[in-house]
Amino acid sequence: LTGVLPRTDDACCACRFYSLLIDLTVVLDLKAQAGSAVAGAYYITPPACAAFAVEQTNELLLHFATAVRTNSFAGSHNSLLDADEGDPGAFMDRSIMEGDPHSIVEAMCVCGYSIGSTKGLVYIRAEYPLAINRLKTAINQAREYGLLGDHILGTDFSFDIEIRYGAGAFVCGEETALIHSMEGKRGEPTLKPPFPAESGYLGKPTNVNNVETLANIPIILTKGADWFATIGTERSKGTKVFALAGKINNVGLIEVPMGTTLREVIYEIGGGIKGGKKFKAVQTGGPSGGCLTEKHLDTPIDFDNLLAVGSM
C-alpha cells in the first residue's frame, strides 16, 4: 500500500501481514493458509499457553492497555470481538482480518484462556464480505488442526468462535449498542454501569475488545512485554495503525510507533498535501474525534496528547 513504512519483523505489531507471519517464509496465501497453523501462527495457543498460569499470561500483557480489561474479567462467559469499524474512511480492522485472520483467532483463544471463557463472538458488518470469508476460513482451519473446539490439543481448555453480522450502523461500534444488536434488539447504547463486564451479551459478563487490540496479543506473548515496551512512548506503548484519506498524496494504511508526530505522518509518510497546497487541518479519531490544525503538526501522536487537545 502506498504510504506504508518499510518494516522489519521487530517493528511490526498489529499489522503483521504487512511483513510475514512469525517465522513464515512465504507471503500469505489465504487459500493455502492452513499450513500457517503449524508453521508459526499459533505459537502461544494451548498447550503452549498452558505453560503459563492465567496470572502469568495477564502479567505479560501489563504493558498493554488490554491487560486492565483481562484482569477484571476472570470467570467471564463471553469474549466478544468488535469488528464493526464504522468510521468513514477507516479500514484498519478490515485489513487485519483480510490479511492475517489467524492472528485474530489466536488472540481470541488467548483472551478466552485468560478470562475463563469458552465462547468467542465476532460482531462484523455485512459490508465486509472478503474479511468475513477469510475469517470463516481461518476459524475452520483452526478447528481442523484442533486449535478450536473441545479440549484444544488434548488440554482441558475448550474454546470456539462464532460470527454474528451487523447491518452497518455506525452507533453499533459502541459496545452496549453492539451487544443489543447481537441480541436482536435496536442497536442503541445504554448508560453504564452496568458495564458489559458485569452484564453483557444475554446478561452474562462479556469481555469486549476491538480487532487491532487483539492482534497485538500473540506477538506480545511471543516476544515478551519488555520488547513491546521499547516501542512507543512512556504511557502509550506499541504502534498505531492509521488510515490516511482525503487530500493527501499517499493514501492508505500506515503503522507507526506511538509518539510519531503529525508532521511525520502527513509529510514524510503521506507525501504532503495534494497540489502543494497549505495544510489547514486534519481530523483524527473519526466523527467523534476532533480536528488538529497547523499548530499541532509537531505534537507527538499518543493517547495523552490527543486527549489533551480534544481530538480523541
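For the numbers below, each heavy atom of this structure counts, side chains included, while hydrogens, waters and symmetry mates do not. The structure presented is a predicted model; accordingly, all values stated were derived computationally and were not measured.
Judged by distance alone, with hydrogens and angles left aside, the side-chain atoms of Asn249 form a donor-acceptor pair with the main-chain N or O of Gly272 at under 3.5 Å. A donor-acceptor pair is defined here as one N or O able to donate and one able to accept, closer than 3.5 Å; no such pair exists between the side chain of Ser181 and the backbone of Ala177. One N or O on the side chain of Glu264 and one on the backbone of Thr261 form a donor-acceptor pair closer than 3.5 Å. In this structure, Thr233 contributes its side chain and Gly259 its backbone to no donor-acceptor pair below 3.5 Å. The main-chain N or O of Pro218 is never found under 3.5 Å from a side-chain atom of Glu106 such that the two would form a donor-acceptor pair. Between the side chain of Glu98 and the main chain of Leu130, no donor-acceptor pair closer than 3.5 Å is present. Side chain of Glu85 to main chain of Met92: a donor-acceptor pair is present (N/O by atom type, distance under 3.5 Å, no hydrogens or angles).
Within the 4.5 Å cutoff, the side chain of Asn216 has heavy atoms near those of the Phe228 side chain. Side-chain contact between Leu262 and Leu292: present, with at least one pair of heavy atoms (C-beta onward) separated by less than 4.5 Å. Side-chain contact between Ile104 and Ile96 is present, with at least one heavy-atom pair separated by less than 4.5 Å. Side-chain contact between Leu214 and Met108 is present, with at least one heavy-atom pair separated by less than 4.5 Å. Within the 4.5 Å cutoff, the side chain of Trp227 has heavy atoms near those of the Ile219 side chain. Val105 is not listed as a side-chain neighbour of Gln141, based on a closest heavy-atom distance of 4.5 Å or more.
For the pair Pro189 and Thr176, the tightest heavy-atom approach, listed with the atom from each and the gap, is CA-OG1, 3.2 Å. Closest approach of Phe91 to Ser95, counting heavy atoms only: O-OG, 3.0 Å. The two atoms that bring Cys172 and Leu178 nearest to each other are O-CB, 3.1 Å, heavy atoms only. Contact detail for Ala83 and Val122: the closest heavy-atom pair is CB-CG1, 4.3 Å. Across every non-hydrogen atom of Ser117 and Phe157, the tightest pair is O-CE1, 3.8 Å. The minimum heavy-atom distance linking Ile152 with Thr155 is given by the pair O-OG1, 2.7 Å.
If you chain together hydrophobic residues whose side chains sit under 4.5 Å apart, Val251 and Val282 fall into the same group. The same ILVMFWY cluster, assembled from side-chain heavy atoms under 4.5 Å apart, contains both Ile254 and Phe279. Neither Val171 nor Tyr128 shares a network with the other; the hydrophobic side chains, linked directly or stepwise wherever heavy atoms of I, L, V, M, F, W or Y lie under 4.5 Å apart, form separate groups for each. There is a path of hydrophobic side-chain contacts, each under 4.5 Å, that joins Leu202 to Met182.
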| query | Can you check side-chain contact (heavy atoms from CB on, under 4.5 Å) on Thr284 and Phe242, steps first, answer last? | reply | CA-CA 9 Å; Thr284 64; Phe242 294 100; over 6 Å; no

| request: Give the intermediate values and the outcome of side-chain contact (heavy atoms from CB on, under 4.5 Å) for residues Leu148 and Phe159. | output: CA-CA 6 Å; Leu148 282 179; Phe159 188 82; 3.9 Å; yes

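Between the NZ atom in Lys247 and the NZ atom in Lys274 there is a gap of 9.0 Å [rounded to 0.5 Å]. In this structure, CZ on Arg134 lies 14.5 Å from CD1 on Ile139, to the nearest 0.5 angstrom. Summarising the geometry, atom CD belonging to Glu268 is positioned 9.5 Å from atom OG1 belonging to Thr260; distances are rounded to the nearest 0.5 Å. The line from CG of Leu121 to CG of Asn207 is 11.0 Å long, rounded to the nearest 0.5 Å. Atom CG in Asn209 sits 5.5 Å away from atom OG1 in Thr213 (nearest 0.5 Å). Atom OG in Ser114 sits 7.5 Å away from atom CG in Leu221 (nearest 0.5 Å).
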Between side-chain atoms of residues 294-301 and protein atoms elsewhere (two or more places apart, or another chain), which donor-acceptor pairs fall under 3.5 Å?
from, atom 1, to, atom 2, distance (Å)
Glu294, OE1, Lys278, NZ, 3.2
His296, ND1, Thr293, N, 3.1
Asp298, OD1, Arg263, NE, 2.8
Asp298, OD2, Arg263, NH2, 3.1
Thr299, OG1, His296, O, 3.1

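A search for side chain to side chain contact (heavy atoms under 4.5 Å, CB included) contacts involving Lys136 returns Ile132, Ile163, Tyr165, not counting sequence neighbours.
Arg125 pairs with exactly one of Asp93, Asp82, Asp84 by the salt bridge (Lys or Arg N to Asp or Glu O under 4.0 Å) rule, that one being Asp84. Looking at Thr206, Ile115, Ile179 one by one, the single match for side-chain contact (heavy atoms from CB on, under 4.5 Å) with Asn78 turns out to be Thr206.
Ionic pairing of Glu162 and Lys119 is present here: one or more N-O contacts between side-chain nitrogen and carboxylate oxygen are shorter than 4.0 angstrom. For the pair Lys192 and Glu198, the salt-bridge criterion is not met [side-chain N within less than 4.0 Å of a carboxylate O].
Other residues, nucleotides and ligands contribute at most 12 non-hydrogen atoms within 6.0 Å of the NZ atom of Lys204.
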